Amino acid sequence: MSNLDVTSSPAVKADDPFLSDVLTGLALPQKQLPSKYFYDEEGSQLFDQICDLEEYYPTRTEMKIMQDNLADIVRHVGPEALLIEYGSGSSLKTRILLQHLENLAGYVPIDISRDYLYACAAQLRKDFPDIDVHPLHADYSAALTLPEIERHVARRVVYFPGSTIGNFTPEEAITFLKRVSTLGDQGGGLLIGVDLKKDKAILEAAYNDAHGITAAFNLNLLKRINAALGADFDLSQFRHHALYNAEAGRIEMHLVSEASQIVSIGGKQFSFDAEETIHTENSYKYTLAEFAAIGKEAGLRVRRVWTDANCLFSVQFLTVE
């Protein structure tokens with residue numbers, strides 16, 4: 001492999017974290033790409049489509065849990081709260097809270113997809129003119145500086161819906177939750193969605209939908225790398241594959257090389273054998289006891305758990321111990 005040569009991609013800076021993460025991940029024995037880079041504008045739109053799929057149970061199940069337990073959830077969040085959402089996307093589930101939280105001090109949606117974030121925030125301002133919306137373009141897995149809030153803040157509550165906590169390994173989840181807990185210094189809390197362990201067939205169907213939307217979402221990561229970093233991935237030479245790793249307790253998403261091939265990125269070349277994979281995402285599933293133990297390690301205590309009748313999914317409220 002040659003030294004980094006950004007002259008082939010003049011718009012890409014040598015210290016671009018996206019480029020660095022891609023080059024580092026593809027150099028590993030098991031090639032990897034960080035799942036946070038799924039969410040450019042097209043990736044965010046594809047994920048919204050995934051959430052509407054029949055096979056993809058998490059979104060509709062979590063929505064029903066929130067609708068069925070809304071009064072209790074609102075009571076735990078409390079009045080005059082600053083709601084801080086990590087990975088806000090379209091803020092679909094958040095709208096339920098925004099409609100019912102009492103005297104909200106403000107809403108801070110945080111997302112890595114800049115254009116999508118600001119477009120959604122603009123729509124929220126129109127739909128909720130009495131709520132101060134403060135979009136923050138940032139990688140929420142790193143340290144954050146929150147915007148100044150004019151209204152009185154009684155407590156700060158981080159909202160982390162979906163099953164995104166499952167994208168972290170358990171060790172990474174503990175580190176992440178420790179960082180989240182620092183926002184609870186005003187008696188705040190964490191309202192979080194946690195996907196639960198269940199039958200393998202249900203899990204694998206959710207990540208291998210019949211319409212191929214999840215496949216398009218996964219492959220869009222290579223499309224984004226081509227566009228942003230000047231790579232030459234041939235998307236027709238990769239296919240999507242997701243499987244449940246029961247031993248690790250996680251869904252794994254991969255992109256499988258259809259043939260022996262070489263891909264160039266930023267002056268470097270990466271060879272792929274036929275059937276070799278790029279590991280693009282994990283989605284860990286937990287029992288309630290397993291997640292409570294992770295929260296405890298991070299200094300958080302589970303105060304309330306809401307689940308659906310079939311225990312497919314949970315919404316949980318945690319506070320700093």
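Note that the numbering runs from 1 along the sequence shown for the chain. Note that the structure is predicted; figures quoted are calculated from it, not measured.
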At what distance, to the nearest 0.5 angstrom, does CZ of F313 lie from NZ of K285?
-> 8.0 Å
Enumerate donor-acceptor pairs with a distance under 3.5 Å from any side-chain N or O in residues 158-168 to protein atoms, sequence neighbours excluded.
residue : atom : partner : partner atom : Å
N167    : ND2  : E281    : OE2          : 3.1
N167    : ND2  : N282    : O            : 2.8

Examine the side chains of T319 and R303 and answer whether a donor and an acceptor come within less than 3.5 Å of each other.
-> yes
Check whether any side-chain heavy atom of Y86 sits under 4.5 Å from a side-chain heavy atom of L144, and report yes or no.
-> yes
From H240 NE2 over to T277 OG1, what is the distance, rounded to the nearest 0.5 angstrom?
-> 12.5 Å
Modelled atom types, side-chain donor and acceptor of S141 and D139, under 3.5 Å = yes
Would Y244 and Y207 count as a close aromatic pair, with their ring centres under 6.0 Å?
-> no
Are I251 and V256 connected in the hydrophobic side-chain network, where two residues link if heavy atoms are under 4.5 Å apart?
-> no
With side chain to side chain contact (heavy atoms under 4.5 Å, CB included) as the test, would you mind laying out the steps for D21 and T24 before giving the verdict?
-> CA-CA 5 Å; D21 287 347; T24 299; 5.7 Å; no
More than 12 heavy atoms from other groups under 6.0 Å of NZ on K223 = no
Test applied, side chain to side chain contact (heavy atoms under 4.5 Å, CB included); reference residue, F233; option that passes from N226, L219, L255 | N226
Could R250 and E252 be called an ion pair, given the rule that one side-chain N must be under 4.0 Å from one carboxylate O?
-> yes
Report yes or no: do I112 and Y116 belong to one cluster of Ile/Leu/Val/Met/Phe/Trp/Tyr joined by side chain heavy-atom distances under 4.5 Å?
-> no
Hey, is the main chain of V77 close enough, under 3.5 Å, to the side chain of R155 for a donor-acceptor pair?
-> yes
To the nearest 0.5 angstrom, please state how far the CG atom of L28 sits from the NZ atom of K31.
-> 9.5 Å
Main-chain N/O of E247 paired to N245 side chain as donor or acceptor, under 3.5 Å = yes
Does L92 belong to the same Ile/Leu/Val/Met/Phe/Trp/Tyr cluster as L98, with side-chain heavy atoms less than 4.5 Å apart forming each link?
-> yes
Tell me whether the guanidinium CZ or amine NZ of R224 lies under 6.0 angstrom from the six-membered ring centre of Y39 and within 45° of its axis.
-> no
State whether the side chain of S88 and the backbone N or O of S91 hold a donor-acceptor pair below 3.5 Å, judged by distance alone.
-> no
Side chains of E85 and T94: donor-acceptor distance under 3.5 Å anywhere?
-> yes
Mind checking what makes salt bridge (Lys or Arg N to Asp or Glu O under 4.0 Å) contact with E297, not counting sequence neighbours?
-> none
Nearest heavy-atom contact between F128 and Q99 is CE2-CG, 3.6 Å
Check: residues 51-58 side-chain donor-acceptor pairs under 3.5 Å, at least two apart:
residue : atom : partner : partner atom : Å
E55     : OE2  : A210    : N            : 2.9
Y57     : OH   : D195    : OD1          : 3.2
Y57     : OH   : D195    : OD2          : 2.6
Y57     : OH   : K198    : NZ           : 2.9

Set of residues satisfying salt bridge (Lys or Arg N to Asp or Glu O under 4.0 Å) with respect to E258, sequence neighbours excluded | R239
State whether the side chain of S20 and the backbone N or O of D16 hold a donor-acceptor pair below 3.5 Å, judged by distance alone.
-> no
Evaluate the side-chain proximity of Y37 to I225: yes if any heavy-atom separation is below 4.5 Å, no if none is.
-> no
Before giving the answer on salt bridge (Lys or Arg N to Asp or Glu O under 4.0 Å), spell out for K197 and E290 the whole-Å C-alpha distance, their side-chain angles and the decisive distance to 0.1 Å.
-> CA-CA 10 Å; K197 287 183 173 176; E290 286 171 343; 3.1 Å; yes
Does any non-hydrogen side-chain atom of S35 lie less than 4.5 Å from one of T280?
-> no
Indicate the ring-plane relationship of H137 and Y118, choosing parallel, tilted or perpendicular according to the 30° and 60° boundaries.
-> tilted
Would you say N220's side chain and A216's backbone share a donor-acceptor pair under 3.5 angstrom?
-> no
Taking D232 for the side chain and S264 for the main chain, is one N or O donor matched with an acceptor at less than 3.5 Å?
-> yes
Heavy-atom closest pair (I294 atom, A173 atom, distance to 0.1 Å) is CG2-CB, 4.3 Å
Nearest heavy-atom neighbours spanning A231 and I265 = CB-CG1, 3.5 Å
Answer whether the closest heavy-atom distance between the side chains of F47 and I213 falls below 4.5 Å.
-> no
Just wondering, are more than 12 heavy atoms of other shown residues or ligands nearer than 6.0 Å to CD in Q30?
-> yes
ILVMFWY cluster, L117 and L146 together (side-chain gap under 4.5 Å) = no
With sequence neighbours excluded, what pairs up with D72 under the salt bridge (Lys or Arg N to Asp or Glu O under 4.0 Å) test?
-> R75, R304
Heavy-atom distance under 4.5 Å between the side chains of V157 and L82, does that happen here?
-> no
Residue pair D132 / Y107, side-chain donor-acceptor N/O under 3.5 Å = no
Is the number of heavy atoms from other residues, nucleotides or ligands within 6.0 Å of CZ (R95) greater than 12?
-> yes
Treat each ILVMFWY residue as a node, draw an edge where side-chain heavy atoms are under 4.5 Å apart, and state whether L243 and F217 are in one component.
-> no
Determine, using ring centers only, whether H241 and H254 are less than 6.0 Å apart.
-> no
Closest approach of M63 to K93 (non-hydrogen atoms, all atoms of both residues) = SD-CG, 3.5 Å
Does a salt bridge link E41 with R114, judged by any charged N lying under 4.0 Å from a carboxylate O?
-> no
Once you round to the nearest 0.5 Å, how far does CZ of R179 lie from CG of L177?
-> 10.0 Å
Hey, could you give me the CG/CG distance between L46 and L221, rounded to the nearest 0.5 Å?
-> 12.0 Å
Are any of the side-chain heavy atoms of V22 and L33 separated by less than 4.5 Å?
-> yes
Compare every heavy atom of A105 with every heavy atom of V153, then report the nearest pair and how far apart it is.
-> CG2-CB, 3.8 Å
Measure from the side-chain N and O atoms of R125 to the backbone N and O of V133, and report whether any donor-acceptor pair falls under 3.5 Å.
-> yes
Student check: side-chain heavy atoms of L23 and K268 closer than 4.5 Å | yes
Side chain to side chain, E102 and V74, heavy atoms closer than 4.5 Å = no
Looking only at heavy atoms, which two atoms of A154 and P79 are closest? And how far apart?
-> CB-O, 3.6 Å
Salt bridge (Lys or Arg N to Asp or Glu O under 4.0 Å) filter on D234, not counting sequence neighbours, yields none
So, D209 versus T214: side-chain donor-acceptor pair below 3.5 Å or not?
-> yes
Rounded distance [0.5 Å steps], CG in L196 versus CG in D308 = 7.5 Å
Under 3.5 Å: donor-acceptor pair, side chain of S314, backbone of V194 | yes
Under 3.5 Å, is there a donor-acceptor pair between the E171 and T175 side chains?
-> no
Around K36, counting heavy atoms of other residues, nucleotides and ligands shown, do more than 12 lie under 6.0 Å from its NZ?
-> yes
